[in-house]
Amino acid sequence: MILKKLQDISIKLKKGQRLSKQDGLRLLDSFDILAMGKLALTEKKKKTADQVFFNVNCHVNLTNICVSRCAFCAFSRDTDDPNAYHMTIHDTLERVQAALPAGITEIHMVSGLHPDKPFGYYVDVVKTLKQEFPSIHLKAFTPVELKYFSDISGLTVAEVLRQLQAVGLDSLPGGGAEVLSERIRQKLCPYKASSHEWLDIMQTAHMLGLKSNATLLFGHIETAEEIIDHILLIRRLQDETGGFQAFIPLPFHPTHTMMTSCTKPTACEILKMFSVARLMLDNIDHIKAYWVMTGMQAAQLALFFGADDIDGTVTEEKITHAAGAETAVGITKNVLISLIKQADMLPVQRDTLYNVMERY
Ligand code: SF4
């Protein structure tokens with residue numbers, strides 16, 4: 001039974017009408033998460049029926065040394081920190097080689113903004129990975145990294161992207177968006193790409209034929225209006241380019257960050273965010289529950305609240321674990337399949353571009 005308060009939203013959805021900013025704010029303000037979940041599940045089924053997607057991938061984080069030192073980041077280090085590291089190209093090859101027996105189809109590569117590495121290093125990493133593993137999709141570099149490459153090389157972002165594409169970059173991840181609000185970025189991450197730059201870089205990438213994802217880091221200092229505005233900015237760009245494959249709500253992990261006074265989002269807050277994302281983003285096909293950050297249990301529940309993708313096997317995740325994530329650093333395909341089956345949905349192994357590889 002949909003609460004009277006949400007009935008007009010339910011009617012709009014049934015008619016296929018797009019929800020407004022006001023609708024989004026009312027959803028975020030509502031505590032009837034079961035009603036929202038029901039609406040979101042209906043919208044999910046319109047797009048992907050009972051399918052839930054996952055992939056088999058490995059994560060590579062070239063370095064944790066970063067000049068930006070964002071307040072919410074537990075991963076980054078200064079150069080002289082005893083826990084600072086950076087990978088050589090050889091290390092990178094070894095990491096991927098070790099993941100091959102699992103049948104990976106994707107390398108997901110994001111890293112800190114290293115003060116000394118020239119842009120040519122990243123070109124060489126991509127080129128070498130593609131030469132060694134030509135059939136593996138390389139999804140790498142957030143708009144924040146791409147803006148940094150542009151700054152250190154003097155090239156335009158478009159030229160940076162063209163050079164990376166020419167040697168094997170296949171698509172972009174969705175990170176670095178945090179909350180697309182200048183108020184928040186000035187407080188939490190003033191030294192990296194602004195909201196407009198993040199959006200402009202995604203637009204450029206989409207125009208060059210590169211697909212990407214989009215994220216939202218929630219549960220810190222943001223307001224409800226800033227969350228909805230973030231979602232609307234993504235929706236507007238998607239209307240223009242169609243380049244976003246999935247939207248990924250990421251609950252903030254405060255441990256070991258400069259924001260330890262924040263508390264982790266609760267299960268209700270996480271599930272509500274998935275529902276709101278599914279209901280507002282009528283033009284993005286997939287809502288991804290990144291289990292590393294939501295936790296396994298919430299990721300499974302998110303499938304009833306609008307999510308249709310549970311990300312991948314991930315080996316070996318470093319960024320969220322630096323912030324105290326209690327999830328595994330990687331997981332097997334069978335665990336993901338079983339998690340999806342327990343929710344009475346159909347596990348579908350996909351490649352990065354959502355081509356179906358196998359149904360289980
Ligand atoms: S979030 Fe990214 S840019 Fe910010 S400090 Fe961490 S690694 Fe650096």
Side-chain angles (χ1 to χ4, degrees), residues 59-87 91-92 95 107-119 121-122 125 139-153 157 160 172-202 205 212-222 230 248-260 262 264-265 290 292-293 314 316-325 329:
H59 281 208
V60 175
N61 307 119
L62 294 171
T63 183
N64 63 354
I65 300 171
C66 186
V67 296
S68 186
R69 302 309 313 271
C70 307
F72 52 79
C73 179
F75 170 70
S76 64
R77 294 286 182 276
D78 291 329
T79 314
D80 57 359
D81 188 295
N83 293 318
Y85 78 89
H86 75 269
M87 295 170 76
D91 297 333
T92 311
R95 166 70 49 78
I107 299 165
H108 170 103
M109 187 164 72
V110 294
S111 312
L113 310 177
H114 196 285
D116 304 323
K117 295 281 178 200
F119 175 53
Y121 161 75
Y122 302 95
V125 169
K139 181 178 72 168
F141 308 128
T142 66
V144 169
E145 292 171 272
L146 294 163
K147 159 76 170 47
Y148 186 65
F149 298 163
S150 165
D151 289 345
I152 60 176
S153 66
V157 168
V160 162
L172 306 189
E178 326 310 354
V179 183
L180 296 170
S181 143
E182 281 323 296
R183 180 190 79 85
I184 291 180
R185 293 180 104 77
Q186 279 308 311
K187 280 186 189 294
L188 304 188
C189 49
Y191 306 114
K192 71 181 191 186
S194 68
S195 311
H196 291 300
E197 285 167 335
W198 190 96
L199 289 161
D200 284 351
I201 292 168
M202 281 302 189
S212 77
N213 294 327
T215 55
L216 160 70
L217 183 73
F218 69 94
H220 43 91
I221 62 164
E222 80 283 3
H230 174 103
I248 315 168
L250 301 171
F252 176 51
H253 281 246
T255 311
H256 303 143
T257 70
M258 294 173 223
M259 299 169 68
T260 44
C262 292
K264 277 189 199 174
Y290 180 48
V292 174
M293 283 187 85
V314 164
E316 165 195 347
E317 205 285 330
K318 284 185 191 297
I319 294 175
T320 316
H321 286 86
V329 291

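For the numbers below, each heavy atom of this structure counts, side chains included, while hydrogens, waters and symmetry mates do not. Remember, it's 1-based here, ligands and their atoms both numbered in the order they're listed. Model, not experiment: these values are computed from the prediction.
A salt bridge is defined here as a Lys NZ or Arg NE, NH1 or NH2 lying under 4.0 Å from an Asp or Glu carboxylate O, and E197 with K192 fails to meet this definition. Salt bridge status for D91 with R95: absent, with no side-chain N to carboxylate O gap under 4.0 Å.
Coordination check, C73 versus atom 6 (Fe) of ligand 1: passed, since an N/O/S atom of the residue sits under 2.8 Å.
Ring centroids of F149 and Y122 are separated by less than 6.0 Å, placing the two rings close together.
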Item to check | side chain to side chain contact (heavy atoms under 4.5 Å, CB included) between H59 and I107, intermediate numbers included | outcome: CA-CA 6 Å; H59 281 208; I107 299 165; over 6 Å; no
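Within the listing of ligand 1, atoms 5 (S) sit less than 4.0 angstrom from a heavy atom of R69. Near C66, meaning under 4.0 Å from one of its heavy atoms, ligand 1 places the atoms 3 (S), 5 (S), 7 (S), 8 (Fe). In the vicinity of S76, heavy-atom distances shorter than 4.0 Å reach the ligand 1 atoms 5 (S), 6 (Fe). Near K192, meaning under 4.0 Å from any of its heavy atoms, are these atoms of ligand 1: 1 (S), 3 (S), 4 (Fe).
At a heavy-atom cutoff of 4.0 Å, ligand 1 is contacted by both the backbone and the side chain of C70.
In this structure, T142 contributes its side chain and G176 its backbone to no donor-acceptor pair below 3.5 Å.
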